[in-house]
Amino acid sequence: MRSSELFYPTLREVPSEAEVVSHQLLLRAGFIRKASGGVYTYLPLAYKVIKKIENIVREEMDKAGGQEVLMPIMQPAELWQKSGRWEVYGDEMFRLQDRHKRYFALGPTHEEIITTVVDGDVHSYRDLPLLLYQIQNKYRDEIRPRFGLMRGREFIMKDLYSFDIDDQGLDVSYRKMYHAYNQIFTRLGLDYRVVEADSGAIGGDESHEFMVLADNGESEIVYCDNCDYAANVEKAVCTAGEVQQNDELLPLEKIHTPGQRTIQDIADYLKVGKDEQIKTLMYNADGELIAAILRGDRELNEIKLKNALGCNELFMASEDDVRISCGAGFGSLGPVGMDLKIYADLEVAVMKNFTCGANLDDYHYKNVNLGRDFVPEAIIDIRNAVAGDPCPLCEGQLKLLRGIEVGHIFKLGTNYSDAMEATFRDQNGQSCPFVMGCYGIGISRTMAAAVEQNNDENGIIWPIPIAPYHVIVVPVNSKNEEQTRMAESIYQILQQEGLEVIIDDRDERAGVKFKDADLIGIPVRITIGSKALQENKVEVKKRWEKEVELLEIDKVAVRVLEIIRG
RNA sequence: CGGGGCGUGGCGCAGUUUGGGAGCGCGUCUGAUUUGGGAUCAGAAGGUCGCAGGUUCAAAUCCUGUCGCCCCGACCA
């Protein structure tokens with residue numbers, strides 16, 4: 001491809017709307033343009049990358065026994081009403097009406113459709129397992145689209161749905177996908193981790209997320225420095241820690257603490273450590289007010305609390321509600337004498353003589369002890385894991401990383417097939433619901449994640465497997481015929497070797513060409529300049545290294561192939 | 001939806017406080033000189049100041065409404 005003909009409008013300045021580096025670079029390098037919030041056009045370079053990612057995904061899905069289908073984006077409301085998700089999905093689903101006023105959804109996902117199709121034509125256990133997948137646009141009216149392609153309202157996704165006879169079958173399908181996903185992200189050339197995940201609203205008992213590591217990723221993950229354990233912080237198992245054994249229980253003491261509201265306030269005022277206090281958080285769980293207590297320096301994990309309570313809706317209570325039932329405001333709450341259900345974090349059970357609010361404004365208790373001064377409804381794991389926590393599996397310590405969730409695999413079980421009444425006949429002629437799994441990869445997000453992980457101050461550094469082109473040939477001076485001729489010749493040779501090549505044939509100064517080549521992130525650059533050319537040599541430079549190699553012209557193709565093909 | 005901010009040539013911004021000439025840098029076009037890291041000089045084109053009302057002799061500027069965008073929070077691949 002000739003630069004002069006390639007449509008890649010690069011920008012010198014950063015568009016002000018872009019905050020994160022992947023968004024900035026994809027805009028600056030002429031990969032994407034915005035149509036509307038969270039909706040983008042993929043220009044030629046971006047679409048090449050997308051297709052490369054898709055093809056790697058496609059190959060691994062096929063290898064794992066998947067069959068590709070294409071499903072409607074516009075889906076009738078009835079299907080969603082049947083599964084119950086027409087209501088559940090709420091404002092996040094795009095809805096539209098046809099001329100007959102019939103409702104449709106723009107598919108945010110395709111469980112309903114695929115389950116209906118399979119139910120219609122798969123009637124026997126003999127036809128299972130069945131693995132069907134699609135790669136296409138999906139739509140979610142995100143509360144807040146952001147970070148360019150990272151969280152769009154229209155995005156490209158691969159979803160595979162597995163249909164099995166029973167849980168054992170699902171285990172097999174799940175493991176196939178787990179393996180395929182590892183193959184995929186390895187082949188994409190990305191640094192990633194698999195973590196145990198919360199399966200969220202979709203339900204199911206096992207779930208893993210595939211995280212591309214990036215410093216400013218949206219998700220926090222913990223991993224063990226000694227074993228294979230890794231989990232989303234939402235899911236990471238926390239342990240109780242050591243009991244403070246030799247401390248005696250001291251008598252409860254009520255202390256006047258005027259104006260002291262926060263954990264920090266009390267730490268300063270009473271000279272007690274944050275880890276010697278407990279905080280009391282009030283939640284509304286399906287309409288019932290409950291208290292969650294944990295060590296003063298810890299953060300509550302709402303997902304863990306929600307899972308433990310088994311409730312549908314969980315949100316922080318208003319201060320007014322709290323005052324009515326506890327008699328005090330947020331800064332002075334505590335479990336002692338509280339008339340609500342109290343859920344204590346595991347750590348609270350091993351603390352002794354701690355400090356907390358007294359349910360009376362401007363008063364706190366000292367030397368509170370669980371069991372003696374109050375009895376919780378349950379003692380459970382409800383805090384966020386932090387770096388330095390003990391690994392739940394071994395003697396190691398947990399470390400913290402940030403990542404971008406690019407893949408997520410779920411065991412759905414019979415949640416959808418039950419709702420959709422999708423069944424087959426087993427060996428005994430019994431009608432059974434399909435046992436399902438669902439396995440997603442955010443294709444467009446993966447492109448953004450790749451940029452997020454691979455860039456420097458000059459631009460993108462594409463991993464070779466997904467680079468839009470392998471090589472860019474740059475004659476330094478476009479007016480120099482000898483250089484131009486040599487550039488054209490190398491361009492031809494490399495193409496004949498099956499490489500994807502750009503030749504920068506524009507009448508631009510060398511600086512402009514170098515800047516653009518770096519910005520769009522082509523892995524290998526071949527520079528043809530006068531000095532080297534006199535010795536019959538050209539420069540080969542890898543995008544991710546500073547050094548250049550001076551090579552005889554007839555050695556260039558071999559060297560480039562070596563770099564690209566490994 | 002709550003909080004904050006922004007809409008002015010393609011991009012980045014000033015001008016709005018205190019109403020009266022629509023400006024700057026980059027980019028684009030023409031010509032010349034340049035050619036190893038986003039050149040220089042000379043010239044040129046390009047804007048309903050997001051949109052709709054209102055106030056005023058006069059509105060980018062003041063008022064009301066509305067649309068869009070960005071950031072923080074709850075949601076998620």
Side-chain angles (χ1 to χ4, degrees), chain A residues 9-20 23-24 27-28 30 33-39 88-93 108-109 137-159 181 197-202 207-212 217-219 232 234 302-303 306 313-316 403-410 438-449 457-459 474-480 483-484 504 506-519 525 527-533 538-539 541 546 548:
Chain A
T10 56
L11 304 172
R12 190 186 297 212
E13 287 172 274
V14 181
S16 59
E17 69 188 43
E19 185 75 4
V20 297
H23 190 197
Q24 293 176 345
L27 283 170
R28 278 195 60 209
R33 286 294 182 261
K34 186 174 66 184
S36 168
V39 181
V88 175
Y89 239 102
D91 292 335
E92 204 155 302
M93 188 153 67
T109 173
N137 278 353
K138 305 221 173 186
Y139 296 82
R140 284 181 204 170
D141 195 357
E142 287 287 344
I143 297 167
R144 186 153 86 82
R146 60 183 134 176
F147 304 150
L149 295 186
M150 214 74 97
R151 177 174 303 281
R153 294 195 295 170
E154 175 181 272
F155 52 97
I156 305 171
M157 191 156 153
K158 186 283 305 183
D159 258 321
Y181 272 43
D198 184 77
S199 44
I202 303 178
S207 177
H208 288 91
E209 286 172 338
F210 290 73
M211 299 282 193
V212 168
E218 281 192 280
S219 307
N232 193 313
E234 294 167 355
E302 289 189 11
I303 290 167
K306 194 171 170 180
E313 272 200 312
L314 181 74
F315 53 90
M316 288 199 84
I404 299 163
E405 183 185 351
V406 289
H408 199 161
I409 59 179
F410 289 99
C438 122
Y439 317 85
I441 292 178
I443 302 283
S444 39
R445 177 182 280 188
T446 297
M447 175 164 77
E457 66 280 4
N458 292 314
V474 180
V476 166
N477 185 341
S478 56
K479 292 275 166 35
N480 180 311
Q483 285 181 28
T484 318
D504 198 336
R506 298 173 301 172
D507 182 15
E508 288 286 357
R509 300 168 62 86
V512 174
K513 296 182 188 178
F514 292 151
K515 287 287 185 193
D516 273 348
D518 286 350
L519 183 57
R525 189 184 79 202
T527 310
I528 294 126
S530 305
K531 283 165 263 174
L533 202 51
V538 296
E539 290 169 21
K541 181 179 176 301
K546 270 213 124 52
V548 294

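Computed from a prediction, not measured in an experiment: that's the story for all the values here. Here is the naming used below: chain letters follow the sequence lines, and residue numbers restart at 1 for every chain.
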Under 4.0 Å between any heavy atoms, over every strand shown, what does [X] touch: base, sugar-phosphate, or nothing? Just pick one.
X: A:Val14; value: sugar-phosphate
X: A:Asp159; value: nothing
X: A:Arg33; value: nothing
X: A:Gly459; value: nothing
X: A:Ser478; value: nothing
X: A:Lys513; value: nothing
X: A:Asp516; value: base
X: A:Phe147; value: sugar-phosphate
X: A:Glu302; value: nothing
X: A:Leu519; value: base

| When only distance counts, do a donor and an acceptor, one from the side chain of A:Asn477 and one from the base of B:G36, lie under 3.5 Å apart? |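 No, the side chain and the base share no sub-3.5 Å donor-acceptor pair.
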[M] and [N], which share atom name [atom1], separated by this distance in whole Å:
N: B:U16; M: B:A74; atom1: P; value: 38 Å
N: B:U55; M: B:G3; atom1: C1'; value: 31 Å
N: B:U56; M: B:C63; atom1: C1'; value: 12 Å
N: B:C69; M: B:G54; atom1: C1'; value: 26 Å
N: B:A52; M: B:A59; atom1: P; value: 14 Å
N: B:G9; M: B:G5; atom1: P; value: 22 Å
N: B:A42; M: B:U48; atom1: P; value: 29 Å
N: B:G2; M: B:A77; atom1: P; value: 26 Å

Between [options], spot the one nearest the side chain of [X], thanks.
X: A:Arg12; options: B:A77, B:C26, B:U35; answer: B:C26
X: A:Phe155; options: B:A77, B:C11, B:G38; answer: B:A77
X: A:Pro15; options: B:G37, B:C11, B:G36; answer: B:C11
X: A:Glu13; options: B:U35, B:C26, B:C70; answer: B:C26
X: A:Glu17; options: B:G37, B:C69, B:C76; answer: B:C69
X: A:Val512; options: B:A77, B:A74, B:G38; answer: B:G38
X: A:Lys515; options: B:G38, B:U34, B:C69; answer: B:G38
X: A:Arg509; options: B:U35, B:G37, B:G12; answer: B:U35
X: A:Glu19; options: B:C71, B:G36, B:G27; answer: B:C71
X: A:Thr10; options: B:G38, B:G37, B:U34; answer: B:G38

| field | Minimum heavy-atom distance between A:Tyr181 and A:Gly407, given as atom pair plus value | value |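 Smallest heavy-atom distance, with atoms named: CE2-CA, 4.2 Å.
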For a quick test of reading the model: is some side-chain N or O of [X] closer than 4.0 Å to OP1 or OP2 of [N]?
X: A:Arg146; N: B:G73; value: yes
X: A:Thr527; N: B:G36; value: no
X: A:Ser16; N: B:C13; value: yes
X: A:Arg144; N: B:C72; value: yes
X: A:Arg151; N: B:C76; value: no

Name the pairing partner of [N], where a pair is Watson-Crick or G-U wobble with both distances under 3.5 Å, or state none.
N: B:G73; answer: B:C1
N: B:C11; answer: B:G25
N: B:A42; answer: B:U30
N: B:U18; answer: none
N: B:G68; answer: B:C6

| field | For A:Lys138, the option from A:Ile156, A:Asp159, A:Ile443 that meets side chain to side chain contact (heavy atoms under 4.5 Å, CB included) | value |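 By the side chain to side chain contact (heavy atoms under 4.5 Å, CB included) criterion, A:Lys138 pairs with just one of A:Ile156, A:Asp159, A:Ile443: A:Asp159.
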| field | Residue closer to the 5' end of RNA chain B, A:Glu209 versus A:Gly511 (nearest nucleotide) | value |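 Per heavy-atom nearest nucleotide, the more 5' residue is A:Gly511.
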| query | Nearest nucleotide by nearest heavy atom, which residue falls closer to the 5' end of RNA chain B, A:Gln483 or A:Gly37? | reply |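 The residue whose closest nucleotide sits nearer the 5' end is A:Gln483.
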| task | Report the C-alpha separation of A:Gln483 and A:Ser530 in whole Å, then their side-chain angles, then the decisive distance to 0.1 Å, and conclude whether the side chain to side chain donor-acceptor pair (under 3.5 Å) test is met. | result | CA-CA 7 Å; A:Gln483 285 181 28; A:Ser530 305; 2.8 Å; yes
| request: Indicate whether any N or O donor in one side chain lies under 3.5 Å from an N or O acceptor in the other, for A:Thr109 and A:Arg140. | output: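 No, no side-chain donor-acceptor pair sits under 3.5 Å.
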| request: Kindly confirm or rule out a cation-pi arrangement of A:Arg525 over A:Phe514, judged by NZ or CZ under 6.0 Å from the six-membered ring centre and within 45° of its axis? | output: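 Output yes; distance and angle both within limits.
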| request: Write down the distance between NE2 (A:His408) and P (B:C75), rounded to a whole number of angstrom. | output: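 So the two atoms are 15 Å apart, to the nearest Å.
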| query | So, do A:Phe210 and A:His208 have ring centers that fall under 6.0 Å from each other? | reply |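 Centroid distance A:Phe210-A:His208: not below 6.0 Å, so no.
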